[in-house]
Amino acid sequence: GDPGHKGEGGPQGIAGPPIDSQTLKDYFEPVKHLQSAVEDKLSEVNDSLTIKMNALSQHLEKLQNSPAAHISGSGSGYGTKSNGYTITEWYTVSGSTWSLYMRGGMTYSNGYLTVPQQGLYYVYAQLLFYHAAGKYGAFSIDVNDSLRVRSYQDSNDQHSSNYVGRILQLLKGDRISIVISVSPNYLNREEQYSFFGAFLLR
C-alpha cells in the first residue's frame with residue numbers, strides 16, 4: 001500500500017529574552033553572599049574550636065604537673081608501734097610501681113609529706129592491723145602535728161584494714177603525717193597494705 005504521510009511538526013517555541021551579564025550577576029549575587037556567610041561561619045567555628053582545644057591542652061598539662069604523692073610502707077611483715085607514734089617506715093625511693101610516686105613539688109622526709117602550694121587536697125591513708133580478739137587499731141592523719149582525720153576500727157577479725165580520706169584546705173608548706181592513735185598488737189608495713197598520699201584538687 002501507499003506509505004503514510006509524514007506528520008506535521010509542532011509549533012515552534014517562543015524564544016526567551018536574551019540573558020545579559022547583568023542578569024547573570026543579579027542571579028548569582030545571593031549565592032555569593034550565602035557562600036561568604038558560610039565561609040565566615042566556618043572560620044568562626046574553627047577559631048572557637050582552636051581556642052577550646054588550646055584551653056583543654058593547658059588544663060591537661062596543668063593536671064599532669066599538679067601536686068600529687070603516693071607513698072607505701074617500706075617494711076616487711078608486722079611490727080609493734082605505740083600510741084602517738086608517727087610512722088616513718090615509708091619508701092623514700094621507688095621500689096615498685098606502687099611504692100612511691102611524687103610530682104608537682106611534693107616532698108617527703110622522715111614521716112612527713114609536705115605540700116608545695118595552697119589549695120584543696122584529697123588526703124588519704126590505709127593501714128593493715130593484726131590484733132587479738134577484742135582489740136583494734138586506729139590511726140590519724142595529722143597536719144602540722146595536729147589531728148585532722150581519725151580512723152576507727154572495731155572488728156572481731158584479727159586482720160583489719162583501715163582506710164580514711166578527706167578533702168582538706170592546706171597551705172604551702174603544710175606537713176602531713178600518719179600517727180598511731182590506738183596501738184594494735186601489730187602493724188603490717190608492706191607496701192600493698194599500708195600507704196598514704198595526697199593530691200591537689202584545685
Side-chain angles (χ1 to χ4, degrees), residues 49-129 137-153 160-184 186-202:
L49 286 175
T50 300
I51 293 172
K52 290 179 180 179
M53 289 299 293
N54 288 338
L56 178 60
S57 177
Q58 293 173 3
H59 180 65
L60 291 175
E61 183 178 354
K62 183 179 178 180
L63 285 178
Q64 290 172 352
N65 296 320
S66 65
H70 178 86
I71 307 174
S72 299
S74 63
S76 60
Y78 290 87
T80 56
K81 302 299 175 187
S82 59
N83 292 354
Y85 175 77
T86 298
I87 300 174
T88 58
E89 292 86 349
W90 306 109
Y91 268 103
T92 55
V93 295
S94 183
S96 69
T97 55
W98 57 68
S99 60
L100 176 68
Y101 177 76
M102 294 275 191
R103 78 175 186 204
M106 298 285 272
T107 58
Y108 169 81
S109 177
N110 197 33
Y112 290 90
L113 180 64
T114 303
V115 301
Q117 68 183 68
Q118 178 179 339
L120 280 177
Y121 287 78
Y122 182 74
V123 184
Y124 62 91
Q126 174 178 295
L127 298 180
L128 178 63
F129 296 130
F139 66 91
S140 65
I141 299 176
D142 290 13
V143 176
N144 300 328
D145 297 315
S146 178
L147 188 152
R148 298 297 297 273
V149 188
R150 172 173 284 171
S151 78
Y152 179 77
Q153 182 73 32
S160 61
S161 178
N162 291 17
Y163 177 92
V164 293
R166 182 180 175 183
I167 296 174
L168 297 174
Q169 178 70 47
L170 301 179
L171 301 176
K172 179 180 179 179
D174 279 351
R175 303 194 309 160
I176 304 166
S177 58
I178 309 302
V179 179
I180 299 294
S181 55
V182 178
S183 179
Y186 297 101
L187 166 67
N188 188 303
R189 298 166 295 175
E190 295 179 67
E191 58 186 324
Q192 63 267 47
Y193 298 122
S194 296
F195 50 82
F196 83 111
F199 55 88
L200 179 67
L201 297 174
R202 64 177 177 86

Quiz item: For the residue pair M106 and A198, what are the closest heavy atoms and their distance?
Solution: CE-O, 3.9 Å

Quiz item: Rounded to the nearest 0.5 Å, what separation is found between the CG atom of D174 and the OG1 atom of T114?
Solution: 9.0 Å

Quiz item: Do other residues, nucleotides or ligands put more than 12 heavy atoms under 6.0 Å from the OH atom of Y124?
Solution: yes

Quiz item: Can the ring centroids of F196 and W90 be said to lie less than 6.0 angstrom from one another?
Solution: yes

Quiz item: Between Q169 and G119, which heavy-atom pair has the shortest distance, and what is it?
Solution: NE2-O, 3.4 Å

Quiz item: Between F129 and A138, what is the shortest heavy-atom contact and its length?
Solution: CE1-N, 3.6 Å

Exercise. Kindly give the heavy-atom pair with the smallest separation between V115 and L171, and that separation in Å.
Key: CG2-O, 3.1 Å

Quiz item: Does S140 use its side chain to pair, donor to acceptor, with the backbone of R150 at less than 3.5 Å?
Solution: no

Practice problem: Go through L127 and I178 one step at a time and tell me if the side chain to side chain contact (heavy atoms under 4.5 Å, CB included) criterion holds. | Solution: CA-CA 10 Å; L127 298 180; I178 309 302; 4.2 Å; yes

Quiz item: Are the side chain of R103 and the backbone of S66 linked by a donor-acceptor contact shorter than 3.5 Å?
Solution: yes

Quiz item: If you round to the nearest 0.5 Å, how far is CG of L201 from CG of L168?
Solution: 10.0 Å

Quiz item: Can you tell me if R166 uses its side chain to pair, donor with acceptor, with the backbone of Y121 under 3.5 Å?
Solution: no

Exercise. Keeping the roles fixed (side chain from N65, backbone from G104), state whether a donor-acceptor pair exists under 3.5 Å.
Key: no

Practice problem: Report yes if some heavy atom in the side chain of L170 is under 4.5 Å from a heavy atom in the side chain of I176; otherwise report no. | Solution: yes

Quiz prompt | 4.5 Å side-chain heavy-atom contact, V179 and D145 | solution = no

Quiz prompt | Main-chain N/O of Y193 paired with Q126 side-chain donor or acceptor, under 3.5 Å | solution = yes

Quiz prompt | Option among Y122, Y108, F195 that satisfies the ring-ring contact (aromatic ring centres under 6.0 Å, His included) test with H70 | solution = F195

Exercise. Could you grab the distance from atom OG of S177 to atom CZ of F139, nearest 0.5 Å is fine?
Key: 11.5 Å

Quiz prompt | Minimal non-hydrogen separation, L200 against Q118, with atom names | solution = CD1-O, 4.4 Å

Quiz prompt | Approximate separation, where rounding is to 0.5 Å, of I141 CD1 and L147 CG | solution = 9.5 Å

Quiz prompt | Point-to-point distance, once rounded to the nearest 0.5 Å, from CG of D142 to OG1 of T86 | solution = 6.5 Å

Quiz prompt | Rounded distance [0.5 Å steps], CG in N162 versus CG in L128 | solution = 8.5 Å

